[in-house]
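Heads up: the structure comes next, in structure tokens.
Computed from heavy atoms alone, side chains included, the values below leave out hydrogens, waters and symmetry copies. So you know, we letter chains A, B, ... as the sequences are listed, proteins then strands, and number each from 1.
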Protein chains: 2
Amino acid sequence: MSEPNTMVFMTTAHKKVTIRDVARYAEVSYGTVSRYLNGNDHVSKDAAERIANAIETLQYVPNNAARSLAQQRTQTVCLILQVESAATIMQASVAEAMAAANQALGDAGYQMVTVIANSDEAVHRIAKLIKSDYADGYLLFSLSEDDSLALACKETKRPVVRSEASNRGDLPYPAVDFTNAEGQRDITRFLLNKGRSRLAYVCGPGFSTSAINRLNGFREAMGKFYDDSRVYYADDWEIGSGEMAAVTFQPILDQIDGIVCANDSIAIGVINQLDRFGYRVPDDIAVTGFDDSPLAQMANPKLTTVRQDSYLHGETVAKLLLNIMRGEPVERHFVQLLPTTIVERQSA
Amino acid sequence: MSEPNTMVFMTTAHKKVTIRDVARYAEVSYGTVSRYLNGNDHVSKDAAERIANAIETLQYVPNNAARSLAQQRTQTVCLILQVESAATIMQASVAEAMAAANQALGDAGYQMVTVIANSDEAVHRIAKLIKSDYADGYLLFSLSEDDSLALACKETKRPVVRSEASNRGDLPYPAVDFTNAEGQRDITRFLLNKGRSRLAYVCGPGFSTSAINRLNGFREAMGKFYDDSRVYYADDWEIGSGEMAAVTFQPILDQIDGIVCANDSIAIGVINQLDRFGYRVPDDIAVTGFDDSPLAQMANPKLTTVRQDSYLHGETVAKLLLNIMRGEPVERHFVQLLPTTIVERQSA
DNA sequence: CTGTTAGCGCATTCAG
DNA sequence: CTGAATGCGCTAACAG
């Protein structure tokens, strides 16, 4: 009744409301509405108000596909999670990095969407997605040996940033990584300084650059005392590998007073198995982890480990991508390194 | 040289290749190419081959936005993960369900994309996304007290399936859930049958339907012996809550021979704290969990718990959504219940 | 079986 | 400051 605009608008709910409906209701042309929506040009205050009102009462929301098509960009960033099994998805470090990236990208006006590549079929489907201009940029979290998605990324013109430095020169994406070598070197020295000199090492899976770098850090700290026969090479990052490592070391366990592990899960496996063998941690043998995952505090004894800030990791990856999307020049092989710190608890 | 088609095609790499380029190269009209791509109508074998060849040599991939716009569907399903903190993202059950859903949806030709709602701003952004016809269907994994996204889903015409039954009648989405009550009832009876009759209970957060259902199961098994003063109501599902529960129960710990917990994390917290108090598990007090998460096997003693098959959960949720998207009629309040089983280990 | 045409909903020129 | 026109890349309906 008191409404100045008494046009009858059945909220049909069947026919979707488009920008034209808004324009008609606001009594402007739909070009003006578009301008209003994108905040670019100037729209008269009067028109703006009517448009705002129309949008509100009509419950108008622009169609995503149409906007993407016309604009040639989607305002989304796609986070690709390439994993070998479900277990990997839930690594605390990954979850935290994802949360951080989601926040940073959201703040910049991008919607982060995550796709999971956990099968050959999924890899193939996602490779296609990448080529179809699905997103304005990509974050590649590959926790797998398979480089197929990294290769697929080469076929898009959109920027890509990796969550881990690669040792492959033919995959030239900027990356963010931790000072893996330095971290492992430092905690090894920490053990050495405590008088533990007969150390063994459990290395992560060979396809992982982090695993290699961490081993290198251990080697550097050990110097001429480095003994490859006291290194166990695991196939994955899981607890089971730690247990197997301890079993393998059993014959020489009496000659050892410390085991440096490639990550927390492995360290927990080692501790569990040492316990079964009757060795006390850290009294008989000290054990260290890497990551400072939530597991580290749940372990018994609590893990002394190398901490890496996963939240910072995700945030940094996201910001690097945003910079590139803004056009900032970044070297194709640029790797930003994040610091690690030692967290002393009970296991060493 | 031997190529029959000697047209010169600079792979300019600057100008993106469209369906028209393919048509020109294959010497057909682009309508035919479209038909070929969508496999619907009949295309002559001859033309099909030339098109296939053109697509291959031109490296053509259809543009996503354009296809979505013309077709009014995106061939994607959006999994919305509403969480309060990063820690929740990585719950093993969620990760496994996601992996399963990804597989099932992928097999059906849909790309699953996950968005994370971990802040008010993200919730708002995603609510808008939902209204913009971003996906053909939605999977709502809400591990939070906040119902705002469930409400936002009411404004889309696309089907929505929830991963957990809701107790709110105004959020009428089909859901898939576990037999929470039965599971907790059965493991309680399992304890009773073992001669443990003086039981306490640690309940999950009140906003969760699962938490309520599990408590009801416990209550049913206890019958007239149910004593609300022996129920601790936790604020979340974490280890810390288990520890606090044990502290709260301390005065009556000597009168208790078993504690049934709402989930595995809480059970571990209870066990840890009982250990600090000098009680032995299960000798003095038996403890049970719920979920059979990976933690259950890492705990010491290993957890006796109620197992729920998270992979099946994700798969079922996805298939239910697929059925609805195919037009199969499903009651708005339909809830599909998945079975739970008791896993006996050491803690009870 | 195939070419032609008209939109899908919106951004973005270009005149006014 | 605003309206009208053109096209983003593709599907689908229609003739042939």
Side-chain angles (χ1 to χ4, degrees), chain A residues 14-52 54-55 58-76 109 128-129 131-134 136 156-157, chain B residues 14-52 54-55 58-76 109 128-129 131-134 136 156-157:
Chain A
H14 295 344
K15 204 68 191 133
K16 78 182 46 173
V17 26
T18 80
I19 199 172
R20 292 170 211 255
D21 299 321
V22 174
R24 204 176 312 138
Y25 189 94
E27 297 176 318
V28 295
S29 85
Y30 67 85
T32 307
V33 177
S34 177
R35 251 160 292 166
Y36 169 84
L37 287 172
N38 298 297
N40 295 331
D41 290 290
H42 313 266
V43 178
S44 74
K45 202 144 194 162
D46 181 45
E49 268 176 24
R50 293 210 310 280
I51 292 173
I55 288 177
L58 259 42
Q59 290 269 31
Y60 168 75
V61 176
N63 174 286
N64 223 287
R67 178 188 287 240
S68 297
L69 179 59
Q71 214 167 217
Q72 297 294 66
R73 60 204 163 86
T74 62
Q75 290 290 54
T76 75
K128 216 163 174 181
L129 206 69
K131 297 186 210 158
S132 73
D133 278 349
Y134 182 72
D136 296 345
T156 178
K157 277 147 304 227
Chain B
H14 294 346
K15 204 68 188 137
K16 77 182 49 174
V17 25
T18 80
I19 201 174
R20 294 172 210 253
D21 299 320
V22 174
R24 207 175 310 136
Y25 190 93
E27 296 176 316
V28 294
S29 84
Y30 66 87
T32 307
V33 177
S34 177
R35 250 162 291 165
Y36 170 83
L37 287 173
N38 297 299
N40 295 331
D41 290 289
H42 312 266
V43 177
S44 74
K45 203 142 193 169
D46 181 48
E49 269 177 25
R50 293 211 308 280
I51 293 172
I55 289 176
L58 259 42
Q59 290 268 30
Y60 168 75
V61 176
N63 175 286
N64 224 289
R67 175 187 288 237
S68 297
L69 179 58
Q71 211 166 222
Q72 296 294 67
R73 60 204 163 85
T74 61
Q75 291 291 54
T76 74
K128 216 164 175 179
L129 207 67
K131 296 185 209 158
S132 75
D133 278 349
Y134 183 70
D136 296 344
T156 178
K157 277 147 306 226

Taking the side chain as every heavy atom from C-beta outward, state whether B/Val33 and B/Val28 have any atom pair closer than 4.5 Å.
yes
State which of C/dC10, C/dA11, C/dG7 makes the closest approach to the side chain of B/Ala70.
C/dG7
Kindly point out which of C/dT2, C/dG9, C/dA11 is positioned nearest to the side chain of A/Leu37?
C/dA11
Whole angstroms only, please: what is the CD1-C1' distance between A/Ile19 and C/dT12?
11 Å
Within the structure provided, determine whether A/Leu37 and A/Tyr60 are in side-chain contact (heavy-atom separation under 4.5 Å).
yes
Can you tell if the side chain of A/Arg24 reaches within under 4.5 Å of the side chain of A/Asp21, non-hydrogen atoms only?
yes
Candidates C/dC10, C/dG9, D/dC10 - which lies nearest the side chain of B/Leu69
C/dG9
Side-chain N or O of A/Gln72 closer than 4.0 Å to phosphate OP1/OP2 of D/dG7
no
Between D/dG9 (C1') and B/Ile55 (CD1): distance, integer Å:
14 Å
Rounded to the nearest 0.5 Å, what separation is found between the CG atom of A/Leu69 and the OG1 atom of A/Thr74?
12.0 Å
So what does A/Ser44 hit on the nucleic acid, given a heavy-atom distance under 4.0 Å: a base, only sugar-phosphate, or nothing?
sugar-phosphate
State, yes or no, whether a side-chain contact exists between A/Ile19 and A/Arg67 at a heavy-atom distance under 4.5 Å.
no
Atom pair distance, as rounded to whole Å: CZ in A/Arg24 and P in C/dG9
12 Å
What contact category does B/Ala65 fall into here, base, sugar-phosphate, or nothing, at under 4.0 angstrom with non-hydrogen atoms?
nothing
Write down the protein N/O and nucleotide N/O pairs, taken from nucleotides 3-5 of chain D, whose separation is under 3.5 Å; answer none if there are no such pairs.
{"residue": "D/dG3", "atom": "OP2", "partner": "A/Ser29", "partner atom": "N", "Å": "2.8"}
{"residue": "D/dG3", "atom": "OP2", "partner": "A/Ser29", "partner atom": "OG", "Å": "3.3"}
{"residue": "D/dG3", "atom": "OP2", "partner": "A/Thr32", "partner atom": "OG1", "Å": "2.7"}
{"residue": "D/dG3", "atom": "N7", "partner": "A/Arg35", "partner atom": "NH2", "Å": "2.9"}

What's the CD-P distance between A/Gln75 and C/dC10, to the nearest Å?
15 Å
Do the side-chain N or O atoms of B/Tyr60 get closer than 4.0 angstrom to the phosphate oxygens (OP1, OP2) of D/dC10?
yes
Value in whole Å for how far the P atom of C/dC1 lies from CZ of B/Arg50:
14 Å
Residue B/Asn63, side-chain heavy atoms: nucleotide from D/dT11, D/dG9, C/dT2 that is nearest
D/dG9
Looking at residues at least two apart in the chain, or sitting in another chain, which of them share a side-chain contact (heavy atoms from CB on, under 4.5 Å) with A/Ala48?
A/Tyr36, A/Val43
Spacing between B/Gln71 atom CD and D/dA13 atom C1', to the nearest angstrom:
15 Å
Using a 4.5 Å cut-off on heavy atoms from C-beta on, say whether the side chain of B/Ile51 contacts that of B/Val22.
yes
Applying a 4.0 Å non-hydrogen cut-off, can you work out what A/Thr18 is touching in the nucleic acid: base, sugar-phosphate, or nothing?
sugar-phosphate
Can you tell me if B/Arg67 touches the phosphate of D/dT11, counting only side-chain N or O atoms and a distance under 4.0 Å to OP1 or OP2?
yes
Atom CG of B/Asp21 and atom C1' of D/dG9: how far apart are they, to the nearest Å?
11 Å
